[in-house]
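Data first, discussion second: the structure below is written as structure tokens.
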Amino acid sequence: MQVKAPRGTYDILPPDSSKWHYLEKILRETAALFGYREIRTPVFEHTELFERGVGESTDIVNKEMYTFIDKSERSLTLRPEGTASCARALVEHSLYNGLLPVKWYYIGPMFRYDRPETGRFRQFHQFGVEAFGSNSPYIDAEVIILLVEILNKLGLKNYELHLNSVGCSVCRKEYREKLISYITPVKDRLCPDCRSRYQKNPLRVLDCKNEACHQAIAGYPTIYDSLCDECREHYASVRKALDDNGVSYKHDDNLVRGLDYYTNTAFEVHIPGIGAQSAVGGGGRYNGLVKECGGPDVPGIGFALGMERLLLALDNFDDLNKRMTDVFVAVMEGQYEDIGVKILTDLRRAGIRADKDYTGKSPKAQMKYADKLGAKLVILLGEDEVKNRFLTVRNMKTKEQVKVGHDEIIDFIKRELEVS
RNA sequence: GUGGAUGUAGCUCAGUUGGUCAGAGCACCAGAUUGUGGCUCUGGGGGUCGUGGGUUCGAGUCCCAUCAUCCACCCCA
């Protein structure tokens with residue numbers, strides 16, 4: 001029996017891989033434009049990092065982590081997200097002592113043991129940015145503007161940006177209590193999930209999609225109304241900055257994030273029509289995370305984008321890499337293959353994309369192959385050429401063929417490629 | 001983790017109530033006057049019908065299990 005890729009994983013093959021290159025290029029370029037530089041962290045970390053950083057009450061930590069014991073009895077976990085690793089690296093290298101803010105982006109695979117479906121995989125890819133060391137609402141806005149800029153560059157127009165504030169540790173705690181006492185009397189009307197979690201994480205009840213839960217808690221106190229003055233001001237400033245910079249969003253009282261580390265600003269981006277998993281990105285401020293990771297009280301904010309989901313939304317993508325090669329060397333008689341290889345190497349060393357056949361194809365089949373590779377020119381090499389010391393260059397578009405000496409071939413090809 | 005649908009050549013799919021049912025299109029390969037492409041025509045290779053059991057004289061077609069994909073729930077990116 002043959003071995004297949006594990007459940008929830010998949011291969012990225014050409015030509016799809018060029019879609020990924022295209023997406024990655026836009027992500028990297030836009031991040032750089034905003035002053036974010038790449039950080040690469042390990043794919044696995046100590047399990048404890050995620051338990052503490054992401055939060056023990058979260059689904060991610062509770063049931064979705066790929067955790068294993070290595071040969072030295074360490075408990076390690078394949079990273080389910082990128083922010084905790086960034087916070088860890090910031091602390092480990094004491095970068096909070098240096099020039100602030102620290103602005104990073106990351107891109108790579110994440111792992112979550114979840115039930116696969118369209119737009120949801122067990123190994124999936126995220127692009128994310130993190131900014132540490134500033135509590136300014138303007139950097140909240142910067143991060144959101146960056147996110148929107150990426151979507152714009154990708155030509156994704158129908159996204160919906162939801163925004164909320166979940167408050168600081170003080171007002172959030174107060175709000176939590178308020179919410180629990182509001183829910184407790186009606187807890188019997190909640191769905192089983194909510195009934196079991198409202199004590200530990202009452203905010204989750206707010207974004208439960210069960211209609212019964214919504215009705216049960218109708219008229220609930222919003223987070224917004226419970227924000228302390230400072231948090232309210234912060235949120236107002238973020239909103240004003242977004243307004244000033246032409247970013248449209250929707251304030252959403254029900255938006256709470258699934259990870260424990262979020263504080264204040266929280267946001268999510270949805271693109272309708274790409275399946276049930278329509279959230280392509282989300283993020284927010286996490287002012288307690290660095291401290292939780294053993295560092296000083298350094299604020300942070302960031303977001304992550306699900307790359308698979310972006311690609312789902314990017315269906316109208318044109319194959320950019322259809323032309324694989326510019327020049328094809330067709331060797332008409334096998335005995336001259338060594339000469340063909342030398343010409344090929346010369347072309348490549350001159351920076352010209354060139355290729356040849358290696359499967360013993362007939363001249364006709366080689367022409368067909370050259371056509372499929374998108375070659376603009378074909379260099380023909382047969383008995384006539386070898387005996388009379390020249391090369392035949394065929395222009396695939398005009399079908400014109402000219403004789404060119406070996407010495408001039410590179411220059412000739414370069415000129416031809418320039419005009420075509 | 002719960003419920004449901006599906007699983008036939010590389011790809012998209014046909015395959016009636018179980019008995020020439022192993023097929024089509026695309027892709028691939030080879031020919032159509034001997035050194036030449038994109039169109040057309042002809043021919044060809046390729047599948048133990050997801051896997052493993054079972055029922056039957058006989059199963060791609062029925063039953064069970066298992067794996068995988070997809071949908072809803074859940075969750076998030």
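Because only heavy atoms are used, hydrogens play no part in the values below, and waters and symmetry mates are left out as well, while side chains stay in.
With rG35(B), rC74(B), rG38(B) as the choices, the nucleotide that has an atom nearest any side-chain atom of Lys399(A) turns out to be rG38(B). Among the nucleotides rC29(B), rA77(B), rU36(B), the one closest to any side-chain atom of Lys372(A) is rC29(B). For Arg309(A), the listed nucleotide lying nearest its side chain is rC76(B); candidates were rC75(B), rU69(B), rC76(B). Side-chain atoms of Arg120(A) lie closest to rC75(B) of the nucleotides rC75(B), rG4(B), rA30(B). Comparing rG37(B), rA77(B), rC71(B) by their nearest atom to the side chain of Ala279(A) picks out rA77(B). Minimum atom distance to the side chain of Asp371(A) is reached by rG37(B), of the listed rG37(B), rA30(B), rG1(B). Looking at the side chain of Met332(A), the nearest of the listed nucleotides rC75(B), rU36(B), rA68(B) is rU36(B).
On the C1' atoms, rA22(B) is 13 Å away from rG46(B), given to the nearest whole Å. The C1' atoms of rU48(B) and rC21(B) are separated by 15 Å, rounded to the nearest whole Å. As rounded to the nearest Å, rU17(B) and rA27(B) have C1' atoms that lie 36 Å from one another. rA9(B) and rC29(B) have their C1' atoms separated by 15 Å, with the value rounded to a whole Å. To the nearest whole angstrom, the two P atoms, one in rG38(B) and one in rU51(B), are 38 Å apart. Across the P atoms, rG7(B) and rC49(B) are found 14 Å apart, a figure rounded to whole Å. For rA65(B) and rU6(B), the P atoms lie 15 Å apart once the distance is rounded to whole Å. Nucleotides rC62(B) and rG43(B) place their P atoms 35 Å apart, quoted to the nearest Å.
Atom CD of Gln277(A) and atom P of rC74(B) are 10 Å apart (whole Å). Between the NZ atom of Lys63(A) and the C1' atom of rC76(B) there is a distance of 11 Å, rounded to whole Å. As a whole-Å value, the separation of Ile274(A) CD1 from rA77(B) P is 13 Å. In this entry the distance linking CD of Glu383(A) with P of rU36(B) reads 14 Å, nearest Å. Across the protein-nucleic acid pair, Asp114(A) atom CG and rC74(B) atom C1' stand 8 Å apart, rounded to whole Å. One interatomic measurement links the two molecules: NZ of Lys364(A) to P of rU40(B), which rounds to 13 Å at whole-angstrom precision. Taking atom OH on Tyr369(A) and atom C1' on rG38(B), their separation rounds to 17 Å, with Å as the unit. Per the geometry, CG belonging to Asn62(A) stands 13 Å off C1' belonging to rC74(B), to the nearest Å.
In Phe68(A), the CZ atom is crowded: over 12 heavy atoms of neighbouring residues, nucleotides or ligands sit closer than 6.0 Å. Other residues, nucleotides and ligands contribute more than 12 heavy atoms inside 6.0 Å of the NZ atom of Lys153(A). His93(A) NE2: more than 12 foreign heavy atoms inside a 6.0 Å radius.
Looking at RNA chain B, the stems built from 3 or more consecutive Watson-Crick or G-U wobble pairs, each pair with its key distances under 3.5 Å, are B:1-7 with B:67-73, B:10-13 with B:23-26, B:28-32 with B:40-44, B:50-54 with B:62-66.
Listed by residue number, the members of residues 384-393 of chain A with any heavy atom below 4.0 angstrom from RNA chain B are Asp384(A), Glu385(A).
For rU69(B), the base has no donor-acceptor partner in the side chain of Glu117(A) [N/O atoms by modelled type, under 3.5 angstrom]. Put simply, the side chain of Arg115(A) and the base of rU69(B) share no donor and acceptor less than 3.5 Å apart. You won't find any donor-acceptor pair under 3.5 Å spanning the side chain of Lys397(A) and the base of rG37(B), going by distance alone.
Each of Gln126(A) and Thr9(A) was matched to the nucleotide of RNA chain B holding its nearest heavy atom; the match closer to the 5' end belongs to Thr9(A). Nearest-nucleotide positions on RNA chain B place Gly360(A) closer to the 5' end than the other of Gly360(A) and Gln401(A).
Nucleic acid contact for Gly119(A): base, since at least one base atom lies under 4.0 Å from a heavy atom of the residue. Using a 4.0 Å heavy-atom cutoff across all strands shown, Phe121(A) reaches at least one base atom of the nucleic acid. No contact: Gly82(A) has no heavy atom under 4.0 Å from any strand. Among the atoms of the strands shown, only primed sugar atoms or phosphate atoms (P, OP1, OP2) are found under 4.0 Å from some heavy atom of Glu64(A).
Checking the phosphate oxygens (OP1, OP2) of rC71(B), a side-chain nitrogen or oxygen of Thr118(A) falls inside 4.0 Å. Within the structure, every side-chain polar atom (N or O) of Arg7(A) is placed at least 4.0 Å from both OP1 and OP2 of rC67(B).
Using bins of under 30°, 30° to 60° and over 60° for the plane-to-plane angle, the ring pair Trp20(A)/Tyr10(A) lands in the tilted bin. Ring geometry, Trp104(A) versus Phe132(A): the interplanar angle exceeds 60°, so the pair is classed perpendicular (tilted spans 30 to 60°).
In summary, the side chains of Glu130(A) and Thr83(A) do present a donor paired with an acceptor at a separation below 3.5 Å, with no hydrogens or angles considered. Using modelled atom types, one finds a donor on one side chain and an acceptor on the other under 3.5 Å when comparing Asn254(A) with Tyr220(A). Checked by atom type, the side-chain pair Thr392(A)/Glu385(A) shows a donor-acceptor distance below 3.5 Å. For Glu81(A) and Gln126(A), the side-chain atoms include no donor-acceptor pair closer than 3.5 Å.
Residue ring and nucleobase are stacked for Phe124(A) and rA77(B), with a centre distance beneath 5.5 angstrom and an angle between planes beneath 30°.
Between Glu24(A) and Arg28(A) there is no salt bridge, since no side-chain nitrogen of the basic residue lies less than 4.0 Å from a carboxylate oxygen of the acidic one.
Ring-centre distance between Phe267(A) and Tyr249(A): not below the 6.0 Å cut-off.
With Tyr175(A) contributing its side chain and Pro221(A) its backbone, the two residues share a donor-acceptor pair below 3.5 Å.
Within the structure, every pair that satisfies the salt bridge (Lys or Arg N to Asp or Glu O under 4.0 Å) test and touches residues 328-342 of chain A, not counting sequence neighbours, is listed here: Glu337(A)-Lys356(A).
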